[in-house]
Amino acid sequence: MRIGVDTGGTFTDFVILREDGSLESFKLRSNPAAPHEVILEGLRRAGAPAGAELIHGSTVATNAFLERKGARTALITTAGFEDLLEIGRQNRAQLYNLTPGPKALLIPRRLCFGVHERILPDGSVERSPSREELRELKRKLERAGAESAAICCLHAYRNAVNEQRIARALGRGLFLSVSSEVSPEFREYERASTTALNAYVGPLMSRYLKALERRAGMRLWVMQSNGGLLTAAEAGRQAVRTILSGPAGGVRGAAGAARASGFARIIGFDMGGTSTDVSLCDGEPRETLEAALGGFPIRVPMLEIHTVGAGGGSIARVDAGGLLRVGPESAGADPGPACYGRAMLPTVTDAHVVLGRIGARQLAGGEVSIDPERSRRAVSSIARALGLSLEEAAEGILRVADAAMARAIRVVSVERGVDPRGFALAAFGGCGGLHACSLAAGLGMETVLVPAMAGALSALGMLMADRVRDASASALQAEDAEALFRQLEQRARQEAPGARLERFADMRYRGQSYELTVRWDPRGPESAFHAAHEQRYGYANRSRPVEIVQVRVRAVTPVAPPRLVAPASRPRAAEERRRVHVDGRWLEVPALPREAVSTRWADGPALILDAGSTALVPPRWRFRRDRAGAVVINWKR
């Protein structure tokens, strides 16, 4: 048995792949204070044996950073560079703000320590730290009460000998995050930020994963931000690689489900309870090295995912200027939307309840009951403030949320030089199917795909992920890229015997400040770079010299993914009809369980019901169920 678990802000999703190849899923309410207790409850419910494998998408590292609940961390760097994290880059987050506030610091200045050492840009050692200085450094860290240390010395990406010497001198008792192991790449600020973030969240993540693996009594794998799997021990040491753990599972799940349905070009649209994640997949999901979390750059391979604070739990309000706002604040799992019965916060979910699109026993497969009257009372507060009818206020909440999500889709498509009209919109998450057609219509997209298990697709994606290890080395000033590749591949074969090795390179035109990552072609790597540059920026200068900045090797150990097949059909006589407000009027529409959807085209409007999600097919759209169990929705010309 293999079990995929995605811990979200509102629900924790479970997908079980049993030994006979069958799949099943369910949801439990999340408990942000004790996420492991919900997972253990789900494992008991699944009847997981001791030999099962648990594949986990964790928000522990992300939440520890966002809530500033990480370890007391020190920064150790080359003497004279102690202000590195505070100075950062000259980039201004608010271009026209002449009086920006002070920068938020992950590590206070009093916990930043300099060591007299120096590695030159070519990797030669000009000065090594003395034993006496390192002994004194250890005493300083003990007096400061540091629990963790980020070690980031100048040019350590070329030669790690001084960083390793510092780490040996500090010995045990501290969680050590060493830049030459975490992110061995040039640009000292980004490298230091990544290493510091890893040191800040690493101790908490390591303790959490060790305890979960011990209490679950089974092998634990953790989803990385790049869409591959790490062991629990590796994820504890390199927690920064799990910052987008859950959303990465969704990207993998959407790509795998779309492939099973015959779609190679999709835009993933994952609308959960707290936020919406969008991504673009043109054959394969896109990756990036230019991610940031809360203004702190992270320099490790990650799937390119854009997140906005618009989810089912996003709170609607009227601001001081009389404008309707939705999010980014969320009601989360507790207290949740008004219909959960714990508060009176009007949310996106409540707007759908008011419009008849979510039934009283529909959330989490009927295990979470909702109170439609509370939704009406909550949304009526918005209606009174704006002088609108109840239905107009609910529709307004949804339109404002749609606008934020449409902007997010444009970020990963139009702003990257890609026309979204050539893609299908793969909608998943609890609310994704309710917004997909309206978003697609606004973007000129004609096809919407709602995969099987759409409400738990992130957890399903974790069962589709391969085991992946990434390694990189600086190629600046290096004369032989092939030799660097061979060194990385030798290490990869030792750490992952039998893995498939893939080569990549970060390249740029000489004089440029940033690079593009391309798959390595030894016959002519420049051609791949020119093509990538033309696609991204609209031009390529083939007469200009190209330089290699970084070489990368990825070791992939394939995992057999679950086979997606359509469930057995149920007769149309099983359908119910529901009164739904759509296109400005109330209509009686069929509410069909997914397995009751025909393989032949049928006209909307209709509701498609799943255990963990709902899809709305508006008028002027048609729908059918395909061979993989997905619902395909097309615009009727």
Side-chain angles (χ1 to χ4, degrees), residues 78 117-128 151-165 167 178-188 190-191 194-195 226 228 234 237-238 241 287-290 299-301 466-533 542 544-557:
T78 304
E117 65 81 39
R118 180 57 63 95
I119 300 290
L120 299 182
D122 63 0
S124 59
V125 181
E126 182 178 85
R127 182 174 181 177
S128 298
I151 304 173
C152 183
C153 296
L154 198 64
H155 302 305
Y157 59 89
R158 288 306 302 266
N159 186 344
V161 61
N162 282 352
E163 283 194 346
Q164 293 168 352
R165 186 171 183 177
V178 183
S179 78
S180 51
E181 298 173 0
V182 174
S183 180
E185 306 190 8
F186 94 115
R187 294 195 179 97
E188 62 270 20
E190 287 76 7
R191 180 161 51 93
T194 305
T195 307
N226 66 4
E234 291 168 333
R237 289 194 301 271
Q238 301 225 1
R241 293 181 181 269
E287 288 193 10
T288 183
L289 289 163
E290 299 176 15
R299 187 78 179 176
V300 295
D466 296 325
R467 295 160 193 170
V468 174
R469 292 170 180 262
D470 284 311
S472 62
S474 173
L476 282 173
Q477 301 185 354
E479 297 181 358
D480 188 358
E482 184 65 31
L484 291 175
F485 276 123
R486 287 196 296 269
Q487 292 173 14
L488 293 176
E489 287 172 341
Q490 182 179 3
R491 192 174 82 193
R493 290 189 184 97
Q494 294 172 351
E495 296 178 349
R500 181 180 74 246
L501 302 182
E502 300 174 350
R503 292 181 172 187
F504 302 87
D506 298 351
M507 305 175 70
R508 66 186 182 186
Y509 290 120
R510 189 168 296 162
Q512 282 187 321
S513 298
Y514 288 90
E515 311 77 51
L516 289 175
T517 302
V518 298
R519 189 174 290 273
W520 180 258
D521 184 350
R523 298 167 298 179
E526 292 86 358
S527 298
F529 169 74
H530 291 312
H533 198 280
R542 289 173 171 80
R544 191 171 174 180
V546 175
E547 63 182 357
I548 302 169
V549 176
Q550 198 86 4
V551 297
R552 303 182 184 279
V553 167
R554 171 164 289 179
V556 180
T557 304

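As the structure is a prediction and not an experimental result, all values here were calculated from the model. Just so you know, residue 1 is the first one in the sequence shown, and it goes up from there.
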Expected output: side-chain S183 to main-chain R299 donor-acceptor under 3.5 Å: yes
Non-hydrogen side-chain atoms of D521 and R519 separated by less than 4.5 Å: no
SB check R552 D506 (cutoff 4.0 Å): yes
Shortest non-hydrogen contact between A499 and T557, atoms and distance: CB-OG1, 3.6 Å
F504 side, atom CZ; D470 side, atom CG - distance, nearest 0.5 Å: 8.5 Å
Under 3.5 Å: donor-acceptor pair, side chain of N226, backbone of G228: yes
Ion pair R508/E515, N-O distance below 4.0 Å: yes
Gap between atom CZ of R187 and atom OG of S513 - 0.5 Å precision: 7.0 Å
Nearest heavy atoms of N162 and R118, plus distance in Å: ND2-N, 3.9 Å
side-chain hydrogen bond (donor to acceptor under 3.5 Å, both in side chains), paired with Q512, selected from R544, E547, H533: H533
Under 3.5 Å donor-acceptor, T195 side chain and C152 backbone: no
Which atom of V518 lies closest to which atom of A532, heavy atoms considered: CG1-CB, 3.8 Å
I548 to A505 - nearest heavy-atom pair and separation: CG2-CB, 4.3 Å
Side chain to side chain, P184 and S472, heavy atoms closer than 4.5 Å: yes
Passing option when M507 is tested against V546, T517, V549, L516 for side chain to side chain contact (heavy atoms under 4.5 Å, CB included): V546
Electrostatic pair R469-E234, nearest N-O below 4.0 angstrom: yes
Residue pair S474, Q550: steps toward the side-chain contact (heavy atoms from CB on, under 4.5 Å) verdict: CA-CA 5 Å; S474 173; Q550 198 86 4; 3.9 Å; yes
V161 vs I119 side-chain heavy atoms within contact, under 4.5 Å: yes
Working for side-chain contact (heavy atoms from CB on, under 4.5 Å), residues E287 and R554: CA-CA 13 Å; E287 288 193 10; R554 171 164 289 179; 2.6 Å; yes
Side chains of R241 and P301 in contact at under 4.5 Å (non-hydrogen atoms): yes
Shortest non-hydrogen separation from A473 to L488 and the atoms involved: N-CD1, 3.9 Å
Check: E181 and E163 side chains under 4.5 Å, non-hydrogen atoms: no
Contact check, side chains of V300 and T194, non-hydrogen atoms, under 4.5 Å: yes
Under 3.5 Å donor-acceptor, R158 side chain and L476 backbone: yes
Whether Y157 and F186 hold their rings parallel, tilted or perpendicular, with breakpoints at 30° and 60°: perpendicular
Residues S179 and R191: side-chain donor-acceptor under 3.5 angstrom: yes
Reported CZ-to-CG distance for the pair F485 and L501, which is rounded to 0.5 angstrom: 11.5 Å
Heavy-atom side-chain contact between R486 and D480 under 4.5 Å: yes
Residue pair A475 / V551: nearest heavy atoms and the distance that separates them: CB-CG1, 4.1 Å
Validation row: R542, F529 side chains within 4.5 angstrom (heavy atoms): no
E502/R500 salt bridge by N-O under 4.0 Å criterion: yes
